[in-house]
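What follows is a set of notes on a single structure, which appears directly below.
In what follows, every heavy atom counts, from backbone to side chain, and hydrogens, waters and symmetry copies are set aside. Note that the structure is a prediction, hence the values are computed from the model and not measured.
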Amino acid sequence: MSADKKIRLNASSDDDLKIFSYLCQDAILSQDEFFYDKVENMFVATLSRYCWENDEITNQEENINYRVVSGLQIKCVQKMSVSKLNSSIPFLNMLAISYQNKKITLHFSQSVQIVLNCTNIDAFLEDIDIPWPTKLKP
């Protein structure tokens, strides 16, 4: 896979969300980059994700890795709850995405969680920019 290849994926099962979790691990976002639309029953987030899928093609001699701005959209959300989030946390570092009992949970460092009660799994992940090089790796 080339470093400028964009990801565009749909998730409709727990297994699909596991792929999203892998791709979004160590993504960063601010508190201003996610929202829940109660009218549309949709959660949307913009995040800067590490391109784990490009790990095998990075030039290790130059120590170049990649990040990309991606959009995460989760539909069929009936309720959103957030735990342990306070205004002193400037950025959230995503650790994982899980699904259990009709709840999609976004897990972040410092025990922050966003829990989305969903009628079913209907999610979309898309890179909305081209990857850019970085020397930093999570």
Checklist entry - Taking it one step at a time, do Ile97 and Cys24 satisfy side-chain contact (heavy atoms from CB on, under 4.5 Å)? => result CA-CA 8 Å; Ile97 300 172; Cys24 292; 4.3 Å; yes

Checklist outcome for this item: For Phe34 and Ala45 the tightest heavy-atom approach is CB-CB, 3.8 Å

Item to check | Tyr50 and Gln25: CA distance, side-chain angles, deciding distance, side-chain contact (heavy atoms from CB on, under 4.5 Å) verdict | outcome: CA-CA 7 Å; Tyr50 180 80; Gln25 179 182 347; over 6 Å; no

For residues 68-78, which side-chain donor-acceptor pairs fall under 3.5 Å, sequence neighbours excluded?
residue	atom	partner	partner atom	Å
Ser70	OG	Arg49	NE	3.1
Ser70	OG	Asp127	OD1	2.6

Next on the checklist: Please check: side-chain N/O of Glu40 versus main-chain N/O of Asp37, any donor-acceptor pairing under 3.5 Å?
Outcome noted: no

Checklist entry - Do the non-hydrogen side-chain atoms of Ile89 and Phe108 ever get within less than 4.5 Å of each other? => result no

Next on the checklist: Is there a path of hydrophobic side-chain contacts, each under 4.5 Å between heavy atoms, that joins Leu106 and Val82?
Outcome noted: yes

Checklist entry - Hey, are the side chains of Leu17 and Ile104 touching, using non-hydrogen atoms and a 4.5 Å cut-off? => result yes

Item to check | Shortest non-hydrogen separation from His107 to Ser98 and the atoms involved | outcome: NE2-OG, 2.7 Å

Checklist entry - Taking all non-hydrogen atoms of both residues, which atom of Asp26 and which atom of Asn93 are closest, and how far apart? => result CA-OD1, 3.3 Å

Checklist entry - When you check the side-chain N and O atoms of Asp15 and Ser13, is any donor under 3.5 Å from an acceptor? => result no

Next on the checklist: Between Leu125 and Leu23, does the side-chain contact (heavy atoms from CB on, under 4.5 Å) criterion hold? Intermediate values first, please.
Outcome noted: CA-CA 9 Å; Leu125 178 66; Leu23 292 169; 4.1 Å; yes

Item to check | Distance (rounded to the nearest 0.5 Å) between Cys118 SG and Lys103 NZ | outcome: 10.5 Å

Next on the checklist: Hydrophobic cluster membership, with links at side-chain heavy-atom distances under 4.5 Å among I/L/V/M/F/W/Y: are Leu29 and Ile7 in one?
Outcome noted: yes

Item to check | CZ-CG distance between Phe91 and Leu47, expressed to the nearest 0.5 angstrom | outcome: 12.5 Å

Checklist entry - Under 4.5 Å between side-chain heavy atoms, hopping through other hydrophobics if needed: is there a path connecting Val44 to Tyr36? => result no

Checklist entry - Do Ile121 and Leu116 share a hydrophobic cluster (ILVMFWY, side-chain heavy atoms under 4.5 Å, transitive)? => result yes

Item to check | Closest approach of Ser21 to Ala96 (non-hydrogen atoms, all atoms of both residues) | outcome: OG-CA, 3.4 Å

Next on the checklist: Test of understanding: clusters of I, L, V, M, F, W, Y form through side-chain heavy atoms closer than 4.5 Å, transitively. Do Met80 and Phe35 belong to the same one?
Outcome noted: no

Next on the checklist: Show, in sequence, the C-alpha distance, side-chain angles and deciding distance for Leu92 and Ser109, and conclude whether the side-chain contact (heavy atoms from CB on, under 4.5 Å) test is met.
Outcome noted: CA-CA 7 Å; Leu92 302 172; Ser109 58; over 6 Å; no

Next on the checklist: Less than 4.5 Å apart, side chain to side chain, heavy atoms only: is that true for Leu9 and Ile19?
Outcome noted: yes

Next on the checklist: Can you confirm whether Tyr99 sits close enough to Thr105 that some side-chain heavy atom of one is under 4.5 Å from a side-chain heavy atom of the other?
Outcome noted: no

Checklist entry - Taking everything shown except Tyr22 itself, do over 12 heavy atoms lie less than 6.0 Å from its OH? => result yes

Checklist entry - In Å and rounded to the nearest 0.5 Å, what is the CG to NZ distance from Asn65 to Lys135? => result 10.0 Å

Item to check | Side-chain touch Lys6/Ile130, heavy atoms, less than 4.5 angstrom | outcome: yes

Item to check | Nearest heavy atoms of Pro138 and Arg67, plus distance in Å | outcome: CG-NH2, 4.1 Å

Checklist entry - How long is the span from the CG atom in Asn86 to the NZ atom in Lys84, to the nearest 0.5 Å? => result 11.5 Å

